[in-house]
Amino acid sequence: MPERVCIEPMQKRETSVGQPNLILTGFMGTGKSSVGRLIARLWRRPFFDTDKEIETRTRRKISSIFAEDGEAAFRALEQRCVDEWLPKNGAVIATGGGILTSPGMREKLRSRGVVVTLFASPETIYARTRTGDRPLLKTENPLEKIRELLARREPEYKRCGVGVLTDGLSRAELEKSIRRIYRRETLAGTREKN
Ligand code: S3P
């Protein structure tokens, strides 16, 4: 499953018009937003982050939505984001780490672009999320919570999109792996249509 192969930079003539979205999923701290922003810059595509979009549209922080309205209300906003607010094509999209917990979300995301799912070990995730504002990890033992949530969610992550193990990879290496997958998947899509 892990992809660690280096390839040449995306050629300039490849523009975002009519190109499928690249959708990055995976657990918190797997690097979706960070590599997503890099990819958007290198590929010259708009970047879209479901968490940020929800915060902008509701004018509320994710942490307040969780605290005041609960997780179910946040999941409903994620659904709405995917149904109504996502660009149709040409964008790089980073999703919130729990988006796949909503029923039917895997199929929905796959119908909206090339889905790449990022993985990391619990220890790496713990190190990367220690300073962030993640309501679900505000517990006495965040590492234990990460292990528990990962175990519960992993089957769904594994079934959604092409997987990339991010442990030990730089953002540049990760971008190269994702570019290779994206090219392969978009080529496969073209062949299927013909
Ligand atoms: C969540 C992940 C977060 C954010 C919210 C819930 C989750 O996004 O959507 O705190 O349930 O895993 P990131 O994966 O960008 O941290």
Side-chain angles (χ1 to χ4, degrees), residues 21-40 46-87 91-106 108-109 112-113 115-167 169 171 174-175 178:
N21 288 323
L22 167 69
I23 303 176
L24 300 171
T25 63
F27 201 78
M28 296 172 256
T30 50
K32 305 172 298 277
S33 303
S34 143
V35 76
R37 270 192 297 272
L38 174 72
I39 291 173
F47 177 65
F48 188 96
D49 184 308
T50 58
D51 285 344
K52 289 274 167 307
E53 188 67 16
I54 289 169
E55 289 190 333
T56 307
R57 299 235 182 199
T58 59
R59 296 192 192 151
R60 296 169 72 191
K61 303 290 284 172
I62 303 288
S63 48
S64 320
I65 301 172
F66 266 82
E68 290 156 23
D69 302 349
E71 183 173 347
F74 175 70
R75 299 294 169 214
L77 284 166
E78 280 187 322
Q79 290 265 9
R80 185 147 182 230
C81 185
V82 172
D83 289 341
E84 300 174 26
W85 306 332
L86 280 189
V92 176
I93 297 163
T95 64
I99 204 160
L100 291 174
T101 58
S102 293
M105 189 56 90
R106 178 165 47 98
K108 248 183 213 175
L109 290 181
R112 281 164 177 69
V115 182
V116 174
T117 306
L118 305 184
F119 290 87
S121 67
E123 292 73 20
T124 302
I125 290 170
Y126 177 59
R128 290 179 184 162
T129 52
R130 277 176 71 175
T131 52
D133 182 20
R134 267 105 172 175
L136 291 177
L137 300 184
K138 284 202 187 329
T139 62
E140 251 174 47
N141 191 341
L143 182 56
E144 204 41 52
K145 184 72 182 178
I146 289 167
R147 289 207 176 99
E148 179 203 314
L149 282 174
L150 258 182
R152 205 182 312 149
R153 292 175 177 178
E154 213 156 56
E156 201 55 45
Y157 291 139
K158 282 187 173 155
R159 287 164 68 205
C160 189
V162 184
V164 182
L165 182 60
T166 65
D167 285 305
L169 285 191
R171 277 196 323 157
L174 190 51
E175 186 271 327
I178 294 171

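All ligand and atom numbering here is 1-based and tracks the order in the structure. FYI, side chains are in, hydrogens and waters are out, and symmetry mates aren't considered; it's all heavy atoms of this structure.
Atoms of ligand 1 lying under 4.0 Å from at least one heavy atom of L136, given by number and element, are 7 (C), 11 (O). Near G97, with a cut-off below 4.0 Å to any heavy atom, the atoms of ligand 1 are 2 (C), 3 (C), 7 (C), 8 (O), 12 (O), 13 (P), 14 (O). Near G98, with a cut-off below 4.0 Å to any heavy atom, the atoms of ligand 1 are 1 (C), 7 (C), 11 (O), 12 (O). Residue P135 has at least one heavy-atom neighbour below 4.0 Å for each of these atoms of ligand 1: 10 (O). Close contacts between ligand 1 and R75 involve ligand atoms 7 (C), 11 (O) [criterion: under 4.0 Å to a heavy atom]. For ligand 1, the atoms closer than 4.0 angstrom to any heavy atom of K32 are 13 (P), 14 (O).
Neither the backbone nor the side chain of K138 has any atom closer than 4.0 Å to an atom of ligand 1 (non-hydrogen atoms only).
For R171, there are no side-chain hydrogen bond (donor to acceptor under 3.5 Å, both in side chains) partners, not counting sequence neighbours. Applying the ring pair (Phe, Tyr, Trp, His ring centres under 6.0 Å) criterion to F27, with sequence neighbours excluded, gives no partner residue.
Nearest non-hydrogen protein atom to atom 12 (O) of ligand 1 is R153 NH1, 2.7 Å. At the top of the distance list for atom 3 (C) of ligand 1, counting protein heavy atoms only, stands D51 OD2, 3.6 Å. Counting protein heavy atoms only, atom 16 (O) of ligand 1 is closest to R134 NE, 2.8 Å. At the top of the distance list for atom 6 (C) of ligand 1, counting protein heavy atoms only, stands F66 CZ, 3.8 Å.
Salt bridge present: D69 and R60 bring a charged side-chain N and a carboxylate O closer than 4.0 Å.
Once rounded to the nearest 0.5 Å, the distance linking CD of E78 with CD of E53 reads 12.5 Å.
No more than 12 heavy atoms of other residues, nucleotides or ligands shown are found within 6.0 angstrom of NZ on K61.
In this structure, E71 has no heavy atom closer than 4.0 Å to ligand 1.
No donor-acceptor contact under 3.5 angstrom links the side chains of T58 and R80, judged on distance only.
Residue I146 is tested with T124, T139, T129 for a side-chain contact (heavy atoms from CB on, under 4.5 Å); the sole match is T129.
Ring geometry for Y157 against F119 counts as perpendicular: the plane angle is over 60°, on a 0 to 90° scale with 30° as the lower cut.
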